[in-house]
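For reference, positions follow the sequence shown, starting with 1.
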Amino acid sequence: MHQILLVDDESYVIDDLEISFPWDQYRIERIHKAYSGMQALSILEEQTVDIVITDISMPVMNGLELIRQIKAVKPNLPCILLTGYAEFEYAKEATKFGVVEYLLKPLDVEKLASCLEKTVMSIEEQIRRALSYEQAMNSFREHLPSLKDRLLNQLIEGNRYSEDVLNDKLGHYHLPFQAQDDVQLVLVRLEEHFTRYTTTSLQLFEYAVTNIACELFNTAFHTWHCRDHYDYLVFLLKPAGPGANESDTSPETNHSKQLTKQNQDLTHLSLQLHHNVNEYLKGGISVILSQTGTLQHDIRDMYEQAISALKKQVGNGTGYFLPLEESCRSVSIRSLHILYEPPTFNHLLETGQWDVFKERMHRIKTGYDALPEQTEEHLDEIQIVLLSAFHYIAHKNQALLSDLVGNEWVPRVPFRSVSQLTDWADNTLDRLRIKLEEQSFDEQHDVIHQIKTFVSSNLHSLSLQSIADHVSLHPVYVSKLFKQFQGISLSEYILSVKMDLALYLLNHSQDKVYEISEKLGYANSQYFIKVFRDKFGMTPQDYREQ
């Protein structure tokens with residue numbers, strides 16, 4: 001969908017054009033209006049406009065000067081010129097500035113329609129060309145660092161991929177890792193000295209620390225890094241030397257020696273990182289070195305253990321270094337991470353993703369069954385999260401949950417099994433969905449009624465924006481909703497109401513044609529006559545005389 005800017009110092013011209021022309025047929029969803037060249041330039045700075053239609057004859061800055069300034073900044077923005085002058089020299093000068101079309105006043109609607117169709121098709125063809133393979137690859141390379149950062153964040157947050165999918169992503173992002181690689185994780189927190197600075201300065205320090213770390217680790221390890229949601233720096237490391245990934249075929253003693261040597265090297269480099277940051281950046285960092293694990297299966301646990309260790313200790317001015325021993329005891333009580341994965345349950349309900357919500361609940365049951373220790377507290381946690389989401393969407397729709405699903409479906413006692421809990425959630429979700437969809441349908445019908453009433457009462461001063469303001473909705477949504485429920489566009493409906501009233505006044509009143517024109521909101525009676533003739537094949541006066 002596209003946006004258009006109409007520019008004319010005679011406000012009635014573009015106000016009437018906004019309402020009377022079927023813009024949506026040409027995939028134009030938003031109309032901006034300017035009553036001077038300066039106002040038009042201001043709108044272009046703030047809005048994403050795809051087409052400009054401007055009058056040529058305006059005070060202070062005429063249409064040609066406006067187009068010249070537009071083309072200086074946005075050379076590819078299509079401009080259509082409206083004018084009451086038919087001289088060839090104007091058309092010639094307009095063509096020099098790259099004007100798409102030169103249309104004469106009074107405006108021929110069919111010519112405007114033809115011009116818009118060609119212009120919109122040209123814009124969409126340019127968009128398709130802009131999405132060519134080479135440009136897509138340039139965009140991919142530009143965003144590759146953030147894509148790497150995001151993937152590592154997903155893995156440490158518990159997102160699971162199959163081995164083939166993960167290896168495909170790693171290869172696509174040019175990362176020298178495989179799903180089954182033995183890796184270690186280094187977690188870095190910038191301490192008090194750095195946090196005194198502004199956000200921008202802190203980001204520069206993080207960038208500097210990352211560069212120092214990569215320079216050190218890259219001497220012996222393949223390195224992949226990201227910044228997590230705690231604003232900690234996370235480094236994933238894999239030995240870069242020969243034999244680094246051959247542990248499965250090595251004797252047990254040889255494998256043990258390799259791990260010992262790897263830990264010694266990484267411990268030395270981590271201590272060197274700690275020292276270098278203090279020396280060169282004059283600030284302390286705390287460094288946690290995890291135990292070894294496989295990238296695909298253990299990275300989440302490695303990260304959680306490092307986070308837990310980091311949060312248990314408060315760094316002093318210079319920070320500290322702490323290696324986690326391989327013999328670290330695994331925790332039997334684990335959290336159900338899936339409960340808090342994005343998108344949240346609140347978001348799924350808010351966006352109407354009912355089936356995804358149900359699929360997530362099934363995964364929760366599977367995750368619960370896989371826990372080493374299943375407790376009532378886990379069931380309580382699941383119930384609290386789901387019930388909170390149900391309350392949230394009910395209250396957001398200005399209703400009590402008990403009113404939507406019934407008191408019997410709001411639990412007052414804990415559940416005793418995960419199956420009992422998920423059955424309750426499934427049934428509650430179904431009842432909630434039915435009620436909210438019914439409520440939404442009724443509310444939309446009420447909006448249509450409000451729009452029709454407002455149109456009937458305000459024909460003399462009507463615009464899409466005023467209608468949208470009346471119902472407190474976005475103009476684009478108002479247009480789409482009206483078309484969806486009525487089968488015709490809002491502009492077609494307004495024109496129909498105006499013409500019906502025009503017929504009535506011509507039949508049952510002594511009002512002159514220009515008076516009827518004003519009552520219908522047409523500031524220019526000639527334009528009203530043209531619209532009437534286009535609709536009924538005769539002028540208002542001819543109709544009255546018949």
Side-chain angles (χ1 to χ4, degrees), residues 148-149 152-153 155-158 175-177 180-191 194 205-206 208-241 243-245 247 255-281 283-331:
K148 292 179 179 179
D149 186 289
L152 185 51
N153 263 293
L155 293 174
I156 63 177
E157 288 172 3
L175 290 164
F177 291 85
Q180 296 303 321
D181 282 344
D182 286 335
V183 294
Q184 282 183 269
L185 186 144
V186 174
L187 190 64
V188 176
R189 178 177 66 196
L190 277 64
E191 296 296 355
F194 297 110
F205 280 123
E206 289 174 349
V209 172
T210 300
N211 281 344
I212 294 172
C214 288
E215 284 184 10
L216 287 169
F217 294 143
N218 285 344
T219 58
F221 295 87
H222 293 300
T223 307
W224 178 15
H225 61 84
C226 73
R227 176 184 176 192
D228 70 7
H229 64 279
Y230 295 112
D231 292 333
Y232 299 158
L233 303 178
V234 180
F235 299 88
L236 192 70
L237 306 169
K238 180 185 81 170
N245 296 316
S247 58
H255 178 49
S256 177
K257 289 180 179 179
Q258 287 180 356
L259 290 178
T260 300
K261 177 66 166 60
Q262 178 179 320
N263 280 330
Q264 289 174 347
D265 291 344
L266 197 46
T267 297
H268 171 73
L269 292 172
S270 298
L271 287 169
Q272 188 65 45
L273 170 64
H274 186 275
H275 170 77
N276 287 0
V277 172
N278 274 277
E279 179 71 18
Y280 301 125
L281 301 181
I285 58 171
S286 294
V287 181
I288 304 294
L289 173 59
S290 81
Q291 61 190 38
T292 302
T294 61
L295 192 159
Q296 183 182 22
H297 298 294
D298 300 325
I299 186 171
R300 171 69 185 187
D301 289 339
M302 294 159 59
Y303 173 72
E304 279 204 331
Q305 291 168 11
I307 286 287
S308 177
L310 190 61
K311 290 191 172 184
K312 287 178 181 178
Q313 300 193 40
V314 179
N316 54 30
T318 59
Y320 61 86
F321 169 70
L322 178 66
L324 297 179
E325 300 298 332
E326 284 194 76
S327 60
C328 181
R329 185 180 66 87
S330 61
V331 180

Inset, instruction - Grab the two heavy atoms, one from Gln184 and one from Met302, that are nearest each other, plus how far apart they are. - result: CA-CE, 3.8 Å

Legend entry - Separation between CD of Gln291 and CD of Gln305, rounded to the nearest 0.5 Å: 4.5 Å

Inset, instruction - Return the minimal non-hydrogen interatomic distance between Thr292 and Gln262, and the atom names on each side. - result: OG1-NE2, 4.0 Å

Legend entry - Atom pair OG1 (Thr267) and CG (Leu271), whose distance is rounded to the nearest 0.5 Å: 6.5 Å

Legend entry - Nearest heavy-atom neighbours spanning Pro239 and His222: O-CD2, 3.9 Å

Legend entry - Donor-acceptor under 3.5 Å (Lys238 side chain, Trp224 main chain): no

Inset, instruction - Kindly indicate whether the side chain of Leu190, heavy atoms from C-beta on, has any atom under 4.5 Å from the side chain of Glu206. - result: yes

Inset, instruction - Of all the heavy-atom pairs spanning Ile156 and Cys226, show the shortest one and how long it is. - result: CD1-SG, 4.3 Å

Inset, instruction - Side-chain contact test, heavy atoms from C-beta onward, threshold under 4.5 Å: evaluate it for Leu236 versus Leu155 and give yes or no. - result: no

Legend entry - Gap separating the CG atom of Asn276 from the CG atom of Leu216, nearest 0.5 angstrom: 5.5 Å

Inset, instruction - Indicate the atoms forming the closest heavy-atom contact of Thr223 with Cys214, along with that distance. - result: CG2-SG, 4.3 Å

Inset, instruction - Give a yes or no answer on whether the side chain of Asp228 reaches the backbone of Tyr230 with a donor-acceptor pair at less than 3.5 Å. - result: yes

Legend entry - Atom pair CZ (Phe177) and CG (Leu237), whose distance is rounded to the nearest 0.5 Å: 6.5 Å

Legend entry - Nearest atoms (heavy-atom pairs only) where Val234 meets Leu152: O-CD2, 4.2 Å

Legend entry - Side chain proximity check, Val186 to Ser270, heavy atoms < 4.5 angstrom: yes

Legend entry - Side chain to side chain, His297 and Gln180, heavy atoms closer than 4.5 Å: yes

Inset, instruction - Report yes if some heavy atom in the side chain of Val209 is under 4.5 Å from a heavy atom in the side chain of Leu281; otherwise report no. - result: yes

Inset, instruction - Measure the CG-CG distance between Asp301 and Leu185 for me, rounded to the nearest 0.5 Å. - result: 11.5 Å

Inset, instruction - Could you tell me whether the side chain of Asp231 and the main chain of Arg227 form a donor-acceptor pair under 3.5 Å? - result: no

Inset, instruction - Give, for atom CG of Leu187 and atom OH of Tyr303, the distance between the pair rounded to the nearest 0.5 Å. - result: 6.5 Å

Legend entry - Flag side-chain contact, heavy atom, 4.5 Å: Asp181 against Thr294: no

Inset, instruction - Flag the pair Phe321 / Ile285 as yes when at least one side-chain heavy-atom distance between them is below 4.5 Å, and no otherwise. - result: no

